[in-house]
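Presented below is the structure to which this report refers.
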Protein chains: 2
Amino acid sequence: MALGEAILVCLAEEPLTGYDLAKSFDTSIGFFWRADHQQIYRELKRLKTNGWVADELVVQTSRPNKRRYSITPDGRAHLIAWSRESHPPAPVKDDLMVKLYSLADVDIDSVRRQIVDRLDGHRNRLNLYERIERSVYRDTPEDDAGAVGRLLGLRAGFAYERAWIRWCEDAIERLSALPESTLTSSHTP
Amino acid sequence: MALGEAILVCLAEEPLTGYDLAKSFDTSIGFFWRADHQQIYRELKRLKTNGWVADELVVQTSRPNKRRYSITPDGRAHLIAWSRESHPPAPVKDDLMVKLYSLADVDIDSVRRQIVDRLDGHRNRLNLYERIERSVYRDTPEDDAGAVGRLLGLRAGFAYERAWIRWCEDAIERLSALPESTLTSSHTP
DNA sequence: GCACATTATGCAACAAGTTGCATAATAGTG
DNA sequence: CACTATTATGCAACTTGTTGCATAATGTGC
């Protein structure tokens, strides 16, 4: 149930609506935990029944009314307790690796192209992170916990993307060196 | 539904029972796709209704009977078709990163300890991969698709673990440099 | 004026993953 | 002889995540 905690983390900074949260989960905290709006609205209700968030209706005339959620003292206490629990990293699940695992039974050329696409995605990601670093974390004070934490998150992103970029480059080369697969030549348009 | 394909990939090599598959998903292919036995038995039934696997009952006297599954021609065709589809990498979900994201509202010392634990895990993983490389992939021929694919999978593991190890080391240092959090000193036993 | 994007919330159905339990035989350990 | 591990399969209940749809008002571009 870490979606709940990811939401609490956002609300610990400032009260937000489900809509606002959905946008956050598309960018900032979304780099570490993805969720769409249905999940978020559903989870907010759970958090409310647990007493970890409170909500207030904000009446609007020109727009649909909103429901703004804020974290409660119980919510903050829960967040701290949760931060003390150890959570093993989520098990890896990667289609592309499964395809590589059975490269002998599969369309190699297509897999190679997919790696090229992935390389592109990783490069874009890295680029984005670099832009964020320049604009937001230029001079992070070394004793501000909040800032250090976010900088470390960003650096994890760097490390992750760079590792994948290097791997993709190597993989593309090695797959290109492979003899034409009969599979590919007979079935591809 | 990539669990199905991961199963087919295993069956493409040799017929296996659900029990055998569960063991594979704990080691070899489990490095890229995790699943427990309940998921596997459930999925095997789906694969059968799709006509992608066939099963036969193996009667045993000293042990419970087993049901051995093998891939059908339709199954192989499906596997190839699936390998041509592009599958975006699964979105990242990492509790630890969420904790870092809100380091100001959380037990810093405990998070630091969790990173130490994670570092340990990554080192063990790397170690395991290195042993596998030495024992299995000493002289991988460059033109054997199956072998190259698996070697690339292993190298992805290397890249991934090494990147995390470096990151953990840096993170531990930076968190240690942070001033003692009041939170930690007042709540930790 | 019409199509489309934005703001804002939500239901319903389904697919996938998790947890706990049940069964049943044998082999090995103390 | 009791306890535990291994082989082998499975149900049921639950939580999470995904997909498609619905509503409803306003602002923007052509």
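Note that the structure is predicted; figures quoted are calculated from it, not measured. Below, read A as the first sequence line, B as the second, and so on, with proteins coming before strands; counting in each chain starts at 1.
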Within 45 degrees of the axis of the six-membered ring of Phe25(A) and under 6.0 Å from its centre: does Arg34(A) put its NZ or CZ there?
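Not flagged: Arg34(A) not positioned over aromatic ring of Phe25(A).
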
Check whether NZ of the Lys or CZ of the Arg Arg155(B) lies under 6.0 Å from the centre of the six-membered ring of Phe158(B) and within 45 degrees of that ring's axis.
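No, a cation-pi geometry is absent between Arg155(B) and Phe158(B).
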
Short side-chain N/O contact to [N] OP1/OP2 from [X], under 4.0 Å:
X        : N       : result
Tyr41(B) : dT9(D)  : yes
Thr17(B) : dT9(D)  : yes
Lys66(B) : dG10(D) : no
Tyr19(B) : dT7(D)  : yes
Lys93(A) : dG17(C) : yes

Write down the distance between [atom1] ([X]) and [atom2] ([N]), rounded to a whole number of angstrom.
X        : N       : atom1 : atom2 : answer
Lys23(B) : dA5(D)  : NZ    : C1'   : 13 Å
Gln60(B) : dT9(D)  : CD    : P     : 9 Å
Glu43(A) : dT9(C)  : CD    : P     : 16 Å
Arg68(B) : dA8(D)  : CZ    : P     : 11 Å
Asp36(A) : dC21(D) : CG    : C1'   : 14 Å
Leu47(A) : dT16(D) : CG    : P     : 11 Å
Ile7(B)  : dG17(C) : CD1   : P     : 10 Å
Arg34(B) : dG17(C) : CZ    : C1'   : 14 Å

By nearest nucleotide on DNA chain C, pick out whichever of Arg63(A) and Gln38(A) is the more 5' one.
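On the 5' side of the pair lies Arg63(A).
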
Ala2(B) or Asn65(A), whichever maps to the more 5' nucleotide of DNA chain C:
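Final value for this comparison: Asn65(A).
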
Any side-chain to backbone donor/acceptor pair from Asp74(B) onto Ala77(B)? Under 3.5 Å, distance only.
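Pair absent, no side-chain N/O of Asp74(B) close to backbone of Ala77(B).
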
Any donor-acceptor pair under 3.5 Å from Trp82(B) side chain to Ala2(B) backbone:
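Not confirmed, Trp82(B) side chain does not pair with Ala2(B) backbone.
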
From C-beta outward on [X], which listed nucleotide comes closest to its side chain: [options]?
X        : options                  : answer
Gln39(B) : dT18(C), dT9(D), dC11(C) : dT18(C)
Pro64(A) : dT7(C), dT9(D), dC11(D)  : dT7(C)
Arg42(A) : dA8(D), dT18(D), dG17(C) : dT18(D)
Trp33(B) : dT9(C), dG17(C), dT18(D) : dG17(C)
His37(B) : dT18(C), dT9(D), dA8(C)  : dT9(D)

So Arg67(B), base contact, sugar-phosphate only, or nothing? Heavy-atom distance under 4.0 Å.
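Counting heavy atoms under 4.0 Å across all strands, the contact made by Arg67(B) is with sugar-phosphate only.
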
Looking across every strand, which nucleic acid part, if any, lies under 4.0 Å from Arg46(A) by heavy atom: base, sugar-phosphate, or nothing?
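Contact class for Arg46(A): sugar-phosphate only.
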
Tyr129(A)/Phe31(A) aromatic ring centres below 6.0 Å
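For Tyr129(A) and Phe31(A), the ring centres are under 6.0 Å apart.
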
When you match Thr61(A) and Asp20(B) each to their closest nucleotide on DNA chain D, which lands nearer the 5' end?
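This one resolves to Asp20(B).
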
For Trp164(B) and Tyr160(A), work out which heavy atoms get closest and say how close.
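Reported closest heavy-atom pair: NE1-CD1, 4.4 Å.
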
